[in-house]
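All chains are named by letter (A, B, ...) in the order of the sequence lines, taking the proteins before the strands, and each is independently numbered beginning at 1.
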Number of protein chains: 2
Amino acid sequence: MPKNCNFIEKLREVGLRPTKQRVNMCEVLFNREKTFHFTINDLVKMISEKMNEKISLATVYNTVHALEKKGYLKEISIDSHKSYFDTNTLAHHHFFDEDTHELIDLNESDIDKINIRKNITGKKINSVEVLVRVASDNQNQK
Amino acid sequence: MPKNCNFIEKLREVGLRPTKQRVNMCEVLFNREKTFHFTINDLVKMISEKMNEKISLATVYNTVHALEKKGYLKEISIDSHKSYFDTNTLAHHHFFDEDTHELIDLNESDIDKINIRKNITGKKINSVEVLVRVASDNQNQK
DNA sequence: TCAATAGTTTAGAATTATTATAATGTAGTT
DNA sequence: AACTACATTATAATAATTCTAAACTATTGA
Ligand SMILES: [Mn+2]
Ligand SMILES: [Mn+2]
Ligand SMILES: [Zn+2]
Ligand SMILES: [Zn+2]
């Protein structure tokens, strides 16, 4: 989804009814310069603030999954205890800051192309993703 | 922990009391030819079968985390909905079979060394791990 | 040897993330 | 406007994990 588009149209195109909640969610998610990473709770807060009224948690879950199914969002597995989503749905790699729990995209130029030499019979590779865990570099530690 | 060792000694060495539950858990985990991947529920079943009596879930969680803290187990993040652990605590990469939800180690020879060219000021890299998602290759799909 | 102590196990309750339910509401169509 | 299909909501249910506090046990050292 390009930025600044009419989300009413966009939602219709993918067969999702453009309800008030969905249009607001799309604006929060896609009407911005850069892609970003979020948790469901982040998103609930952002949408509620934008709408100036509460949105139900269930709606946010439902709509996130609807957008994910349509290919507009991607789930990122980093932490077994919480789901992170990404508005950047292209294949890409991440830094995960273990101090702040923030995700940062790696640029293509930051890493060489990865070549997997093994293949498992009857199985095809769906994705190859790298997770680089970083944490504050306190040189004052034993 | 090498295989076939005396886990009573091993546990003492790392400062964990060698209780019946822990010794049995260690035998299930480490007294085998190859390292393996498991979920907490897998492990509860395996230990209960070995001991021929039930072991409390809380004990398994506690002990897994104790062993993890001592560096004998590693948690693997693949799926935000369940924790996987690995008795192979060395840095290594994985295949994840999306059909069976099985984890398989990649050998060193299966992939080139990964070089991260970006660095984040004040942060050091803790790990660089690759996850290769695979699924059955049905060429008979539209 | 055995009591004191510190650490461990346990059942069950609590917490958290997520999903299901079912009643109510709304968008799209005629 | 009326009909219908789909969406939203509050709330309940579920599942993974952690907490609690009482009972238990390994270790120590008198
Ligand atoms: Mn999910
Ligand atoms: Mn964990
Ligand atoms: Zn990303
Ligand atoms: Zn592994």
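A search for ring-ring contact (aromatic ring centres under 6.0 Å, His included) contacts involving B/Y61 returns nothing, not counting sequence neighbours. Not a single salt bridge (charged side-chain N to carboxylate O under 4.0 Å, His left out) links B/R22 to another residue, sequence neighbours left out. Partners of B/H37 under the side chain to side chain donor-acceptor pair (under 3.5 Å) rule, at least two apart in sequence or in another chain, are B/D86, B/H94, B/D105. Qualifying salt bridge (charged side-chain N to carboxylate O under 4.0 Å, His left out) partners for A/K20, counting only residues two or more places apart in sequence or in other chains: A/E53. For B/D97, the salt bridge (charged side-chain N to carboxylate O under 4.0 Å, His left out) partners two or more places apart in sequence, or in a different chain, are A/K123.
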Name each donor-acceptor pair under 3.5 Å that joins a side chain in residues 108-115 of chain B to protein atoms two or more places apart or in another chain, with its distance.
{"from": "B/D110", "atom 1": "OD2", "to": "B/N107", "atom 2": "N", "distance (Å)": "2.8"}
{"from": "B/D112", "atom 1": "OD1", "to": "A/R117", "atom 2": "NH1", "distance (Å)": "2.9"}
{"from": "B/D112", "atom 1": "OD1", "to": "A/R117", "atom 2": "NH2", "distance (Å)": "3.3"}

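Sorted by first and then second residue, the pairs that involve residues 36-52 of chain B and meet salt bridge (Lys or Arg N to Asp or Glu O under 4.0 Å), not counting sequence neighbours, are B/E27-B/K50. Each salt bridge (Lys or Arg N to Asp or Glu O under 4.0 Å) pair with one or both residues in residues 54-67 of chain B, not counting sequence neighbours, would appear here, but there are none. Residue pairs meeting the ring-ring contact (aromatic ring centres under 6.0 Å, His included) criterion with at least one partner in residues 109-131 of chain B, sequence neighbours excluded, do not occur; the list is empty.
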Revision key, fill the gap. B/S/- along nucleotides 25-30 of chain C (protein heavy atoms under 4.0 Å) is --BS--

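Considering only side-chain atoms of A/I40, the nucleotide from C/dT18, C/dT9, D/dT9 that sits closest is C/dT18. Between D/dT9, C/dT9, C/dA17, one nucleotide has an atom nearer to the side chain of A/N41 than all others, and that is C/dA17.
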Output a table of nitrogen or oxygen pairs between the protein and nucleotides 14-16 of chain C separated by less than 3.5 Å.
none

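If you measure from atom CG of B/N62 to atom P of C/dG12, you get 17 Å, rounded to the nearest angstrom. Per the geometry, CG belonging to A/L11 stands 14 Å off C1' belonging to D/dC6, to the nearest Å. The separation between B/Y61 atom OH and D/dC19 atom P is 12 Å, rounded to whole Å.
Of the residues in residues 48-58 of chain A, A/L57, A/A58 come within less than 4.0 Å of DNA chain C through at least one heavy atom, sorted by number.
Across all non-hydrogen atoms, the minimal contact from B/Y84 to B/H101 is OH-O, 3.3 Å.
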